[in-house]
> 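Following this message is one structure expressed as structure tokens.
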Amino acid sequence: MKGVVAALGLLGVQQFAAAQSSTAKPTICPIHGQQFPAPTGLAKETGFYTFTQEIEDTIKANLTNAPFNETTFSLGMFSTTDDGLLYEYHHTDPTVANSTAGTQKVDANSIYRIASITKILTVYLWLIKDGDRRFNDPITDFLPELKQANEVAQQYATPDWEEVTVGDLAMYLAGAARDYGLNDVALKGYVTSLLPPLAEEELPNNPANGINVAASEDPVCGFFTANLSYSPCSRDVYLSHIGTLAASFPSGYTPLYSNANFALLGLALSSLVGQSEEEIFDQHLVKPLGLNGTTFSNPSDVTKNSVVPSGDLQKSGWKNALGPLDGAAGAFSTTNDLAAIGKSILNSTLTSKAVTRRWFTSTTLNERNDQAVGRGWEIFKQRVNGHSVDLYTKSGNWGVYASVIFLIPSYNFGFSILTAGNSGKLPEVLSNTLVENLLPALEDIAKQQADRNFAGHFSSEKSNTSITVTTDDWPALKVTQFVANGIDLLDSVFALFGKDIDFRLLPSHLYKGNQVGFSGVYQPPSPPAPADEFYWPCQTWLDIDDFTYANVPLGHLVFEVDESGRACSLQAKALRETLQRKQV
Ligand SMILES: *[C@@H]1O[C@H](CO)[C@@H](O)[C@H](O)[C@H]1NC(C)=O
Ligand SMILES: *[C@@H]1O[C@H](CO)[C@@H](O)[C@H](O)[C@H]1NC(C)=O
Ligand SMILES: *[C@@H]1O[C@H](CO)[C@@H](O)[C@H](O)[C@H]1NC(C)=O
Ligand SMILES: *[C@@H]1O[C@H](CO)[C@@H](O)[C@H](O)[C@H]1NC(C)=O
Ligand SMILES: *[C@@H]1O[C@H](CO)[C@@H](O)[C@H](O)[C@H]1NC(C)=O
Ligand SMILES: *[C@@H]1O[C@H](CO)[C@@H](O)[C@H](O)[C@H]1NC(C)=O
Ligand SMILES: *[C@@H]1O[C@H](CO)[C@@H](O)[C@H](O)[C@H]1NC(C)=O
């Protein structure tokens with residue numbers, strides 16, 4: 001652990017950087033995480049209303065352009081402190097308006113195929129049933145069939161299944177088992193039907209065509225035929241073939257998108273719990289959250305809520321039964337149900353808070369700095385107000401259905417976009433537009449609420465101790481004055497880091513009820529490091545709450561709030577003193 005001494009040692013580096021580029025404006029480097037408490041009651045915030053009106057105007061202005069004009073879609077936004085949906089927008093295109101099956105006008109109860117969003121539900125069910133304690137266990141503990149597969153020697157490298165953990169599968173890190181059969185071109189099917197004629201003719205039908213691979217090696221299931229019917233595998237056939245599928249990398253090395261990783265996770269959960277995946281899904285997700293449009297696999301009936309473009313159950317992909325792939329891509333859901341699921345994840349309704357925090361932080365780096373991979377999550381980092389916000393997302397594509405869910409723990413907010421259309425482009429196009437405007441809106445509201453609730457002057461009735469808190473142009477609440485019994489701490493203790501110390505408060509999430517806790521983060525502002533300087537330009541996390549007083553960090557502050565969330569007093573835990581808010 002780096003203490004004060006190490007931290008002070010690093011000060012020299014900052015001052016050197018400052019001398020190098022004295023023209024650049026000094027700034028602070030925030031720590032990773034929430035800068036203000038998540039906003040609450042968004043439905044009553046005019047800033048949020050303005051944002052949704054802008055989004056609605058943009059959508060309406062684009063309804064005659066592709067992909068909007070060729071897609072049926074439902075957009076729903078939600079937060080953990082507002083009931084139901086905060087905002088919804090639905091558009092029905094002619095293929096659904098004129099459909100002979102299912103709904104002719106979509107709404108928040110319309111049922112879409114959500115495809116690979118199922119991966120999140122499979123991880124979620126594992127966390128609900130068993131937490132993440134077994135994430136370092138080898139998958140062969142749950143699926144011994146995979147160990148048997150290793151006993152048969154192959155002429156190519158196969159995964160060492162005893163090295164592949166549950167966590168590797170959940171993080172796309174198995175390095176193997178992308179899919180069995182799905183895109184195999186040794187076989188005449190949907191994929192070969194897309195090839196130039198010679199390739200379509202010659203590649204399949206080995207060995208008659210001269211490619212020396214026995215036809216018995218061809219996939220027997222797990223692929224689309226040219227007419228878009230999917231032939232599901234049985235569990236045992238699937239496991240034996242996934243077991244011997246060649247690897248691309250060793251496990252734990254680099255993320256590699258895989259349906260089979262999540263199919264295996266679902267099958268393993270079923271064996272751990274001793275129930276079918278569908279029973280676990282219904283009992284531990286559908287029932288506790290009161291979902292009424294969400295199923296683990298194909299709904300048995302087409303109802304007034306089903307979204308089936310052109311009434312074509314086959315071409316739309318509605319009726320593809322996926323067999324063991326259900327845990328990766330089988331589920332169907334609605335805008336309302338995804339909001340309930342998203343809120344329950346953000347709010348730790350069905351898991352412990354510690355498990356949720358780990359679900360939102362366990363990530364693998366990706367090639368780009370603004371992308372990462374989590375347990376089921378496709379993660380994007382976006383900047384707003386001088387800091388970054390992590391967007392936990394999962395997309396899904398099957399047949400004409402393309403969808404995405406976003407969860408943003410920093411704001412306890414999320415949204416889903418469910419679509420049916422040929423291009424599959426709408427979730428991407430709409431997410432880009434939406435997030436660009438969403439983050440500044442949520443950040444603004446969070447800052448305004450933090451200012452209203454916590455900014456002010458707090459002082460002791462007994463001693464000359466006081467703290468002044470404010471907001472400014474930078475992220476997080478700022479402490480502009482901190483006096484302990486007549487000693488100006490910013491000018492003395494904290495000034496050891498630099499005369500111009502910048503002291504901020506970050507939500508600590510350590511207190512409950514009417515207490516809202518913060519932790520201190522301090523640094524002298526410095527000019528941004530030159531582009532060629534990578535070593536420690538942003539070292540704030542080395543110095544969180546460095547200075548303690550009798551075992552409690554000086555920045556460990558706890559506000560006591562009234563029912564409206566406004567602070568009445570402030571406990572300086574280190575000084576063991578409660579300061580009262582002074583009227584201004
Ligand atoms: C919507 O249309 C406007 C112009 O009408 C265009 O600038 C914008 O990029 C479009 N947005 C989307 C999401 O397609
Ligand atoms: C949708 O709009 C595009 C132009 O953006 C156009 O080329 C296309 O024909 C339209 N599709 C339909 C079904 O109207
Ligand atoms: C989230 O949790 C809080 C406190 O535990 C509770 O008051 C609130 O109703 C929950 N919200 C949802 C949507 O579950
Ligand atoms: C449904 O189809 C009919 C006939 O093809 C067409 O005239 C009508 O405009 C369509 N309805 C909608 C809502 O697109
Ligand atoms: C699709 O093709 C498969 C195999 O070629 C065949 O068994 C099935 O009947 C076809 N389905 C339809 C709806 O044409
Ligand atoms: C789910 O419940 C809502 C109202 O609570 C209802 O409007 C909707 O039709 C239901 N969905 C299904 C699939 O039954
Ligand atoms: C309280 O302490 C501050 C900071 O040292 C000092 O400026 C101020 O005069 C003191 N006030 C009283 C009433 O002693």
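Both ligands and their constituent atoms are indexed starting at 1 by order of listing. Values reported hereafter were calculated over all heavy atoms of this structure, with side chains retained and with hydrogens, waters and symmetry mates removed.
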> Give the numbers and elements of all ligand 6 atoms closer than 4.0 Å to a heavy atom of K304.
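Heavy-atom distances to K304 below 4.0 Å select 9 (O).
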> Provide the closest heavy-atom pair for G376 versus K394 in the form atom of the first, atom of the second, distance.
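Result for this residue pair: O-CD, 3.1 Å.
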> Does any N or O atom in G486 lie less than 3.5 angstrom from one in ligand 7, N or O only?
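N/O-N/O distance below 3.5 Å exists for this pair.
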> For the residue pair Y401 and P309, establish whether any side-chain heavy-atom pair is separated by less than 4.5 Å.
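Contact flag for Y401/P309 side chains = yes.
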> Determine which pairs satisfy salt bridge (Lys or Arg N to Asp or Glu O under 4.0 Å) with at least one residue from residues 495-510, sequence neighbours left out, and list them in order.
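Non-adjacent pairs meeting salt bridge (Lys or Arg N to Asp or Glu O under 4.0 Å): D472-R504, K478-D502, D502-R504.
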> Give yes or no for whether the N/O distance cutoff of 3.5 Å, strictly under, is met between N464 and ligand 7.
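Among all N and O atoms of N464, at least one is under 3.5 Å from an N or O of ligand 7.
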> For a distance cut-off of 3.5 Å, show me each N or O of ligand 3 paired with any protein N or O, plus the separation.
{"unit_1": "ligand 3", "atom_1": "2 (O)", "unit_2": "N347", "atom_2": "OD1", "d": "3.1"}
{"unit_1": "ligand 3", "atom_1": "2 (O)", "unit_2": "N347", "atom_2": "ND2", "d": "2.4"}
{"unit_1": "ligand 3", "atom_1": "11 (N)", "unit_2": "T80", "atom_2": "O", "d": "3.3"}
{"unit_1": "ligand 3", "atom_1": "11 (N)", "unit_2": "N347", "atom_2": "ND2", "d": "2.7"}
{"unit_1": "ligand 3", "atom_1": "14 (O)", "unit_2": "N347", "atom_2": "ND2", "d": "3.0"}

> Would you say S463 and E577 are linked by a side-chain donor-acceptor pair, where the criterion is simply a distance under 3.5 Å?
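Yes, because at least one side-chain N or O of E577 sits under 3.5 Å from a partner of the opposite role on S463.
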> Who are the side-chain contact (heavy atoms from CB on, under 4.5 Å) partners of E461, not counting sequence neighbours?
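Here the qualifying residues are Q580, K582.
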> Could you tell me whether a side-chain N or O of R113 sits under 3.5 Å from a main-chain N or O of G317, the two making a donor and an acceptor?
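Flag set: sc R113 to bb G317 pair under 3.5 Å.
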> Is it the side chain (CB and beyond), the backbone, both or neither of N109 that lies under 4.0 Å from ligand 6, heavy atoms counted?
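Under 4.0 Å from ligand 6, N109 contributes side-chain atoms alone.
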> Which pairs with one or both residues in residues 549-567 pass salt bridge (Lys or Arg N to Asp or Glu O under 4.0 Å), sequence neighbours excluded?
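Checked against salt bridge (Lys or Arg N to Asp or Glu O under 4.0 Å) - neighbours excluded - no pair reaches residues 549-567.
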> A side-chain contact here means heavy atoms from C-beta on lying under 4.5 Å apart; do Q481 and S466 qualify?
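Q481 reaches S466 side chain to side chain.
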> Can you list the atoms of ligand 6 that are under 4.0 Å from a heavy atom of N305?
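Counting from 1, the qualifying ligand atoms are 9 (O), 11 (N), 12 (C), 13 (C).
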